[in-house]
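Report on one structure; see the data block that follows.
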Amino acid sequence: MRYEEFHRWSLEDPEGFWAEQAKAIHWHVPPQRILDDDNPPFRKWFAGGETNLCHNAVDRHLAERGDQLALVAISSETGVTREITYRELHREVNVFAASLVELGVGRGDRVVIYMPNIAEAVFAMLACARIGAIHSVVFGGFAAHNLALRIDDAEPALLVCADAGMRGGKVIPYKPLVDAALAEAASPPPRVLVVDRGLDPGMARVEGRDIDYAPLRERHLGSEVPVAWLESNEPSYLLYTSGTTGKPKGVQRDVGGHAVALALSMWAIYDIRPGQVMFSTSDVGWAVGHSYNVYGPLIAGATSILYEGLPTSPDPGVWWRICETYGVRTMFSSPTAVRVLKKQDEAWLKRYDLSKFQWLFLAGEPLDEPTARWITDGLGKTVIDNYWQTETGWPVLCLMPGVELKPVKFGSPGLPAPGYRLRVINEVTGEDAPAGEKGVLVIEPPMPPGCLTTVWRNDARFLASYFGHFKDLLYSSLDWAIRDADGYTFILGRTDDVINVAGHRLGTREIEEAVASHPAVAEAAVVGVQDDLKGQVPIVFATLKAAGSDPADAATGMLRSVVDQLGAVARPSRVYVVGALPKTRSGKLLRRSLQALAEARDPGDLSTLDDPAALDEVKRALARGSDA
Ligand code: ATP
Ligand code: MG
């Protein structure tokens with residue numbers, strides 16, 4: 001079947017299409033209704049069906065591929081590689097599940113997982129799925145305050161962490177961050193399960209609260225825990241977005257729709273069949289990690305490679321060496337990672353046998369043409385940009401080599417994935433934007449399987465955040481887009497402001513709040529400015545409360561506030577103390593103008609500017625240099 005035909009089938013006969021795709025997974029009880037769309041935009045895929053993600057990812061493969069590698073966890077930081085077969089994975093997941101049960105975790109309970117890219121993170125996720133507990137993985141780079149916010153929203157029964165992660169040869173202790181987060185949280189879990197890697201010998205334990213995993217594992221070796229059969233629409237996991245509006249949104253995923261969408265994407269988009277090898281360089285704390293390091297490849301009966309470390313260490317050939325060693329067919333990474341490699345000798349791309357290597361998929365941010373060309377030419381392989389969001393859980397725009405590979409157009413993530421009816425509409429009129437004209441990318445309901453079902457315990461926020469922008473319950477991606485005459489979509493950036501620092505998405509609003517929490521600060525504006533290496537870095541413009549406080553002292557204090565609350569990754573590269581910030585007459589900060597000036601561009605439309613003197617202040621501050 002050709003791409004157009006396949007996509008048309010998914011839109012014209014969604015129930016027939018998805019009923020067919022649902023055959024790829026095991027159902028304990030088959031779905032009673034393929035689509036229950038009685039209460040849009042809430043929709044139930046595979047209603048009445050009962051299944052289990054862990055069963056589909058692990059148990060189902062035992063008979064045929066028990067001795068095949070399921071997971072290869074490689075750390076270039078510790079130098080340890082762990083090769084885990086499906087049989088071993090089954091054993092470890094059962095042991096972990098038995099441990100969770102012993103600690104009182106049951107169906108519907110939340111478990112926060114705060115771990116680096118190690119095999120135990122995968123065991124913990126699958127163990128939760130096995131018993132019907134809802135995991136909420138928090139990226140290990142997040143500071144204590146961020147972790148505390150997520151804990152308070154999820155109200156977990158248990159937190160699972162590791163003693164430490166490593167980055168660039170440096171041990172990053174996680175446990176002190178967990179301790180600080182639990183001290184700050186209003187609803188701390190009663191227990192913390194610690195996987196001790198032996199990286200932080202001085203790790204402190206709280207008597208009666210903290211439990212070491214190793215002895216628990218010993219005790220439960222050989223345990224078998226029956227899978228909990230869940231109705232297709234029960235929650236499987238929560239994953240918090242970075243949150244431009246301050247409080248992060250708990251994206252909630254279902255069970256059956258999630259499994260079916262991933263199963264389809266594995267063969268149709270990523271072109272991976274059972275027994276083949278996929279290497280996603282993501283962290284388990286991101287949506288890509290959930291979908292394409294854990295659930296997708298395992299549901300497909302493939303081998304998944306999990307990597308802890310930098311793309312350049314011990315040398316810039318490390319990823320390609322892994323591809324040669326394990327015969328990787330499909331690799332999934334980010335434009336940021338490729339930009340890091342681009343600083344290295346191109347010869348590293350040619351040093352290894354990549355005869356099994358077929359596709360490099362990149363996602364997470366716009367893929368600029370020079371970067372796309374560099375990696376395409378360097379590897380001599382097809383590089384496929386794909387666009388999606390934490391909310392969707394799998395691609396919205398992509399090319400589908402497993403069905404039919406349409407031509408790559410540099411700068412575009414391609415064409416709609418199956419089940420997505422996409423439009424680009426004028427943000428004011430709500431009418432379809434003609435080809436070549438900018439608009440907002442929206443998804444027409446019903447959203448396909450795999451997409452978020454709601455925001456955790458906050459249907460109102462789900463409705464307001466995504467469906468309140470346009471009529472007809474259109475889902476707004478909150479991204480600008482242009483569609484060309486061939487139907488290829490180009491993504492132009494967000495309709496709200498997020499900074500992307502080396503692949504980490506930070507809400508400007510979050511950083512502003514951290515800056516503004518410094519006692520000397522009256523008001524702060526944070527914008528992202530271009531940076532060759534990191535993509536973007538945050539810079540701060542702030543006004544001080546008291547005339548007379550020292551700008552340099554205040555600026556240093558602001559940096560400290562940001563690092564303390566959000567982590568080093570959010571550290572602004574420059575701080576400008578000014579007398580006034582440019583605002584519109586209605587009182588909104590003119591962030592776009594600030595950003596333009598900071599990048600030495602034209603500040604654009606200033607017709608709404610309230611006080612021109614504020615703009616002059618900013619120009620003077622930029623000319624003078626950073627206060628920190
Ligand atoms: P939050 O919603 O909390 O602000 P976020 O949107 O930064 O967080 P993600 O869900 O990881 O977090 O990112 C999805 C966004 O990343 C998309 O909405 C889009 O802006 C951008 N993006 C992802 N893939 C691509 C791509 N291939 N091309 C261009 N932009 C992309
Ligand atoms: Mg978003």
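All ligand and atom numbering here is 1-based and tracks the order in the structure.
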Could you tell me whether some N/O pair between K249 and ligand 1 is separated by less than 3.5 angstrom? no

Salt-bridge contact E155-R457 (side-chain N to carboxylate O under 4.0 Å): yes

Return a yes/no value for T241: is any of its N or O atoms, backbone included, closer than 3.5 angstrom to an N or O of ligand 1? yes

One finds that the ligand 1 atoms under 4.0 Å from a non-hydrogen atom of I491 are 29 (C), 30 (N)

For the residue pair S280 and N293, confirm or rule out a side-chain donor-acceptor distance under 3.5 Å. yes

Closer than 4.0 Å to some heavy atom of W388 - which atoms of ligand 1 meet that? 14 (C), 17 (C), 23 (C), 24 (N)

So that I can tick it off, tell me whether K406 and E4 are bridged by a salt bridge, with the cut-off set at under 4.0 angstrom between side-chain N and carboxylate O. yes

Sub-4.0 Å heavy-atom contact, N386 with ligand 1: yes

Between F139 and W286, ring centroids under 6.0 Å: yes

Is the shortest distance from a Lys or Arg side-chain nitrogen in K409 or D484 to a carboxylate oxygen in the other one below 4.0 Å? yes

Region of D385 engaging ligand 1 - heavy atom pairs below 4.0 Å: side chain

Out of all atoms in ligand 1, which are within 4.0 Å of some heavy atom of D479? Include the element for each. 17 (C), 18 (O), 19 (C), 20 (O)

With heavy atoms and a 4.0 Å threshold, my read on which part of W286 contacts ligand 1 is neither

Validate the cation-pi geometry between R483 and Y488: distance from NZ or CZ to the six-membered ring centre under 6.0 Å, angle to the ring axis within 45°. no

